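Heads up, the thing below is written out as structure tokens.
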Amino acid sequence: MSAPLPVITPELLLRAYEIGLFPMAEDAEDPTIFWIEPEKRGVIPLDAFHVPARLARTVRSQRFRVEIDKDFDAVIEGCASAFGARRQRTWINARIRALYRDLFDEGHCHTVEAYQDETLVGGLYGVSLGAAFFGESMFSRARDASKVALVHLVARLRLGGYVLLDTQFVTPHLATFGAVELSRPAYLLRLKRATTVHPSKNIWARREELTGTQALALVEGAAPI
């Protein structure tokens with residue numbers, strides 16, 4: 001008889017984020033979850049977020065309708081499928097889906113979703129704790145859809161007074177937006193400060209929609225039009 005799997009509750013998961021850990025699984029079929037604490041941690045400085053000119057035109061064009069927290073299950077499914085398409089395996093297993101669904105129901109996990117007509121074509125999800133947002137995964141089924149979602153995420157974080165956007169690692173893709181690596185001590189110092197700040201929770205209300213022009217203004221540090 002196999003040993004029972006350790007119980008990981010939403011509360012324990014939040015505590016792990018608070019001390020610099022995040023969970024992953026080997027693949028979708030493996031029920032085991034292990035904790036990651038990188039020597040170098042990726043972050044996107046919210047006051048130095050870079051939007052390439054072509055992407056800015058796409059954001060401004062309103063090609064995608066952006067919604068917040070509308071369909072968590074579809075977003076996490078999109079993220080799992082996107083990983084699978086690239087490397088045949090995903091770290092998003094059933095336990096992770098259930099845990100983050102619980103966090104979503106409790107208001108600690110959020111999605112930013114990009115739609116064309118009524119079809120979800122891209123998005124991202126992550127965890128909110130204090131004034132820190134931990135980006136977990138993103139996906140795109142249409143060109144620039146996930147990038148537009150990221151711009152809208154940064155706009156809302158700036159609007160709400162967040163001070164830390166964690167990306168776990170720095171990829172070439174994220175580097176184009178200004179992502180940088182921090183040493184573990186430097187990251188933990190920023191994390192500690194961020195989790196003691198209380199941002200505005202109103203930014204996650206779906207009724208507070210932002211146009212592309214407003215999102216870009218917020219990203220650039222101006223008041224939204």
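Counting begins at 1 with the first residue of the sequence. Computed from a predicted model, the values in this text were never measured in an experiment.
Both F134 and L188 belong to a single network of hydrophobic side chains, linked directly or stepwise wherever heavy atoms of I, L, V, M, F, W or Y lie under 4.5 Å apart. No path of Ile, Leu, Val, Met, Phe, Trp and Tyr side chains, each step under 4.5 Å between heavy atoms, connects L189 with F133, placing them in separate hydrophobic clusters. Linking ILVMFWY side-chain heavy atoms closer than 4.5 Å, directly or via other members, places L13 and F22 in a single hydrophobic cluster. Residue V197 is not grouped with residue L46 when hydrophobic side chains (ILVMFWY) are merged at heavy-atom distances under 4.5 angstrom, including chains of intermediate members. No path of Ile, Leu, Val, Met, Phe, Trp and Tyr side chains, each step under 4.5 Å between heavy atoms, connects V43 with V170, placing them in separate hydrophobic clusters.
Of all heavy-atom pairs spanning Y162 and S128, the tightest one is OH-OG, 2.6 Å. Contact between A145 and A114 at its shortest, heavy atoms only, is O-CB, 3.7 Å. Q62 and T211 get closest at one heavy-atom pair: OE1-C, 3.5 Å. Contact detail for C109 and D69: the closest heavy-atom pair is O-OD1, 4.3 Å. The shortest heavy-atom contact between L191 and A132 is CD1-CB, 4.5 Å. Closest non-hydrogen pair, I92 versus R97, comes out as CG2-CG, 3.7 Å.
Between the side chain of R190 and the main chain of P185, no donor-acceptor pair closer than 3.5 Å is present. For the pair T9 (side chain) and L12 (backbone), a donor-acceptor distance under 3.5 Å is present. A donor-acceptor contact shorter than 3.5 Å is absent between the side chain of R63 and the backbone of T58. Checking side-chain atoms of S200 against main-chain N and O of N202 turns up a donor-acceptor pair under 3.5 Å. Put simply, the side chain of T111 never gets that close to the backbone of V75: no donor and acceptor are under 3.5 Å apart. S81 places no side-chain N or O within donor-acceptor distance of the main-chain N or O of G78, the cut-off being under 3.5 Å.
Side-chain atoms of I33 and L99, non-hydrogen and from C-beta on, do get closer than 4.5 Å to each other. Between V180 and P45 the shortest side-chain heavy-atom distance falls below 4.5 Å. Side-chain atoms of H152 and E67, non-hydrogen and from C-beta on, never get closer than 4.5 Å to each other. With contacts defined as side-chain heavy-atom distances shorter than 4.5 Å, the pair Y115/V66 does not qualify.
In this structure, L159 CG and L210 CG are separated by 6.5 Å, a value rounded to the nearest 0.5 Å. Separation of atoms OG1 (T119) and CZ (R141) is listed at 9.5 Å; rounding is to 0.5 Å. How far CG of L216 is from CD of E220: 6.0 Å, rounded to the nearest 0.5 Å. Rounded to the nearest 0.5 angstrom, R60 CZ and T213 OG1 are separated by 6.0 Å. We find the OG-CD distance between S183 and E39 to be 9.5 Å, quoted to the nearest 0.5 Å. Taking CG of L174 as the start and CG of L150 as the end, the distance is 7.5 Å to the nearest 0.5 Å.
Judged by the 6.0 Å and 45° rule, K147 forms no cation-pi pair with F64.
Salt-bridge annotation for R54 and D144: present, with a side-chain N of the basic residue lying under 4.0 Å from a carboxylate O of the acidic one.
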### Task
Report the C-alpha separation of K192 and Y187 in whole Å, then their side-chain angles, then the decisive distance to 0.1 Å, and conclude whether the side chain to side chain contact (heavy atoms under 4.5 Å, CB included) test is met.
CA-CA 9 Å; K192 184 176 182 180; Y187 171 78; over 6 Å; no
#### Entry: Stepwise side chain to side chain contact (heavy atoms under 4.5 Å, CB included) check, L153 with L165
CA-CA 10 Å; L153 170 67; L165 173 53; 4.2 Å; yes
### Task
Could you go through the side chain to side chain donor-acceptor pair (under 3.5 Å) check for Q168 and E136 one step at a time?
CA-CA 8 Å; Q168 299 179 347; E136 283 297 312; 3.1 Å; yes
### Task
Take I36 and L21 through the side chain to side chain contact (heavy atoms under 4.5 Å, CB included) test and state the conclusion after the steps.
CA-CA 6 Å; I36 304 291; L21 306 177; over 6 Å; no
### Message
Run D47 and R158 through side chain to side chain contact (heavy atoms under 4.5 Å, CB included) and show every step you take.
### Response
CA-CA 8 Å; D47 58 355; R158 287 182 60 94; 4.0 Å; yes
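Proximity of the aromatic rings of H108 and F104 is defined here by a centroid distance below 6.0 angstrom, and this criterion is not met. A centroid separation of less than 6.0 Å is found between the aromatic rings of F49 and F177. Ring centroids of W35 and Y17 are separated by 6.0 Å or more, keeping the two rings apart.
Counting heavy-atom neighbours within 6.0 Å of R184 CZ, excluding the residue itself, gives a total above 12.
Considering H110, E77, E113, R101 in turn, R101 is the only one that fulfils the side-chain contact (heavy atoms from CB on, under 4.5 Å) rule with F72.
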